[in-house]
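Note that this is a predicted model, so its numbers are computed, not measured.
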2 protein chains.
Amino acid sequence: MNNTSKPVYLKLRDIISESILDGEYSEGDMLPSVRAFAIEQGANPLTVAKAYQGFQEDGLVTVKRGVGMFVASGAKIKLRDAQRADFIKNIWPPVERQMKRLNIELDELLENEA
Amino acid sequence: MNNTSKPVYLKLRDIISESILDGEYSEGDMLPSVRAFAIEQGANPLTVAKAYQGFQEDGLVTVKRGVGMFVASGAKIKLRDAQRADFIKNIWPPVERQMKRLNIELDELLENEA
DNA sequence: CATACTGCTTCACTGCCATAATACAGCGAT
DNA sequence: ATCGCTGTATTATGGCAGTGAAGCAGTATG
């Protein structure tokens with residue numbers, strides 16, 4: 001949703017997600033280390049670790065202790081499916097409800113970008 | 001623990017908004033008192049007051065101290081326009097971005113409800 | 001004035017987020 | 001084995017948001 005009023009570790013998680021979905025990090029690639037990513041994003045290493053933690057719990061990254069964290073096999077599809085399901089179940093319904101309440105048509109939303 | 005991911009005072013705010021937009025409370029009508037609405041919604045009076053507070057700051061309700069809170073003149077249109085603007089500016093863009101990223105077509109969203 | 005409603009203010013508790021300073025543990029190259 | 005990287009655990013602290021209890025303040029009515 002809004003990236004401005006969101007906890008840092010969730011924003012970091014979104015950045016990783018998008019990087020994987022967009023192919024910036026392919027399966028088997030090593031993700032930035034917690035320390036490197038922390039410096040890059042101006043965050044605390046522990047906050048980055050907290051963001052990474054969710055991915056390993058979901059099996060999207062595998063940890064080689066002492067080496068680094070790597071994008072797991074099938075992570076891209078798995079991530080895509082999970083986000084699609086979440087979007088359809090949790091994101092879209094309130095959006096559609098709001099559109100109906102405010103009489104917003106899809107046309108006026110799609111015109112705004114060529 | 002927190003099955004309700006959204007703060008109570010924001011949910012209350014949404015309820016008020018919808019009631020005004022749907023015409024349940026017309027302009028000049030008195031809104032439920034903080035205590036009455038608190039009991040009705042199973043919330044704390046202070047939480048209700050906090051929800052109401054945002055509306056008076058936006059000039060959508062006028063306060064007659066010691067009497068009650070009343071829907072301001074032009075509140076419905078004002079509220080509708082504000083929510084439309086917010087939707088188009090803040091809500092829709094990330095939704096659309098996510099749809100593109102996940103290759104979600106509008107068709108599969110609109111089919112689910114006939 | 002007394003009563004009963006109204007909104008609102010103050011103080012405090014709780015939980016979550018982010019940060020910090022260490023310290024520990026695993027791996028690879030020199 | 002040592003050095004330098006990797007992730008992880010511990011404990012503590014500051015800040016902030018959400019909620020709640022009690023009481024203060026304004027208004028209408030009799």
Could you give me the CA-CA distance, side-chain angles and deciding distance for A:Leu12 and A:Thr47, then say whether side chain to side chain contact (heavy atoms under 4.5 Å, CB included) is met? CA-CA 9 Å; A:Leu12 297 176; A:Thr47 307; 4.2 Å; yes
For atom [atom1] of [X] and atom [atom2] of [N], their distance in whole Å:
X       : N      : atom1 : atom2 : value
B:Phe37 : C:dT6  : CZ    : P     : 14 Å
A:Leu12 : C:dT19 : CG    : P     : 9 Å
A:Asn44 : C:dA21 : CG    : P     : 9 Å

Rounded to the nearest 0.5 Å, what separation is found between the [atom1] atom of [X] and the [atom2] atom of [Y]?
X        : Y       : atom1 : atom2 : result
B:Asn44  : B:Ile39 : CG    : CD1   : 11.0 Å
B:Lys50  : B:Arg13 : NZ    : CZ    : 12.0 Å
A:Glu105 : A:Met99 : CD    : CE    : 7.0 Å
A:Phe37  : A:Ile16 : CZ    : CD1   : 4.0 Å

Does B:Ser26 reach the main-chain N or O of B:Asp29 with its side chain, forming a donor-acceptor pair under 3.5 Å? no
Verify, without hydrogens or angle tests, whether B:Glu27 (side chain) and B:Gly74 (backbone) share a donor-acceptor contact under 3.5 angstrom. yes
Check whether any side-chain heavy atom of A:Gln98 sits under 4.5 Å from a side-chain heavy atom of B:Ile91, and report yes or no. no
With side chains defined as the heavy atoms from C-beta onward, is the minimum distance between A:Val95 and B:Phe87 less than 4.5 Å? yes
Taking only the side-chain nitrogens and oxygens of B:Ser33, find out if one of them lies under 4.0 Å from OP1 or OP2 of C:dC5. no
Going by heavy atoms closer than 4.0 Å, what residues in residues 49-59 of chain B are next to DNA chain C? B:Gln56
Quick one: how far along DNA chain D does chain A reach, first to last nucleotide 5' to 3', anything under 4.0 Å to a heavy atom? D:dC5 to D:dT10
Partner of B:Phe70 by side chain to side chain contact (heavy atoms under 4.5 Å, CB included), out of B:Leu31, B:Val61, B:Thr62: B:Thr62
May I have the step-by-step check of salt bridge (charged side-chain N to carboxylate O under 4.0 Å, His left out) for A:Glu18 and B:Arg101, ending in yes or no? CA-CA 8 Å; A:Glu18 296 179 0; B:Arg101 190 183 308 281; 3.7 Å; yes
Comparing B:Tyr9 with A:Val34, nearest DNA chain D nucleotide closer to 5' gives the residue A:Val34
Could you run through nucleotides 22-30 of chain C and give me one letter per nucleotide, 5' to 3': B if any protein heavy atom sits under 4.0 Å from the base, S if only the sugar-phosphate is that close, - if neither? ---SBS---
